[in-house]
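Residue numbers count from 1 along this sequence.
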Amino acid sequence: MRFSFDYRYTDTVARDYYFAVMMDRKNGDYGRVFFDMKNSTTNWQTFDTLFLTPEIRSVNDQLKFFVWNPNRVNFEAKNLQIHVLEHKN
């Protein structure tokens with residue numbers, strides 16, 4: 001899968017921010033990956049990454065993604081695009 005979006009922060013203090021992607025199921029998540037998001041400016045930036053989904057354990061499992069912002073700093077996001085890529089043999 002490919003995720004891309006534009007984002008900017010209203011706070012210029014350098015802090016840690018992550019884009020998190022994982023598969024979610026009743027008894028916990030799996031295939032969890034955190035991608036670092038740079039925060040060096042209040043200008044718009046583009047985040048673009050690939051996520052290789054793990055082997056799905058159940059048809060009821062769900063894809064979960066979010067921005068982990070442990071410092072709760074305000075930010076804006078726009079132009080979210082999700083592309084599902086298919087493996088070719």
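Through direct or relayed side-chain contacts under 4.5 Å between Ile, Leu, Val, Met, Phe, Trp and Tyr, Phe66 connects to Tyr18, Met22, Phe34, Trp68. Through direct or relayed side-chain contacts under 4.5 Å between Ile, Leu, Val, Met, Phe, Trp and Tyr, Leu85 connects to Leu50.
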Expected list for residues 55-64: side-chain donor-acceptor pairs under 3.5 angstrom, two or more places apart:
from, atom 1, to, atom 2, distance (Å)
Ser58, OG, Asn60, N, 3.1
Asp61, OD2, Tyr30, OH, 2.5
Asp61, OD2, Ser58, N, 3.2

Sequence neighbours excluded and cut-off under 3.5 Å, please list the side-chain donor-acceptor pairs for residues 69-79, or say none.
from, atom 1, to, atom 2, distance (Å)
Asn69, OD1, Arg72, N, 3.2
Asn69, OD1, Val73, N, 3.2
Asn69, ND2, Val73, O, 2.6
Glu76, OE1, Arg8, NE, 2.6
Glu76, OE1, Arg8, NH2, 2.9
Asn79, ND2, Asp6, OD2, 2.7

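What you find for Gly31 and Pro54 is that their closest heavy atoms are CA-CG, 3.9 Å.
Taking Phe47 as the reference, Phe5, Phe19 meet the ring-ring contact (aromatic ring centres under 6.0 Å, His included) condition, with sequence neighbours excluded. Remark: Asp24 pairs with no residue by the side-chain hydrogen bond (donor to acceptor under 3.5 Å, both in side chains) rule, at least two apart or across chains.
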### ring-ring contact (aromatic ring centres under 6.0 Å, His included) assessment of Tyr7 paired with Tyr17
CA-CA 12 Å; Tyr7 70 100; Tyr17 307 95; 8.3 Å; no
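Counting heavy atoms from C-beta on, the side chains of Met23 and Arg25 never come closer than 4.5 Å.
One hydrophobic cluster, built from ILVMFWY side chains closer than 4.5 Å, holds both Met37 and Ile82.
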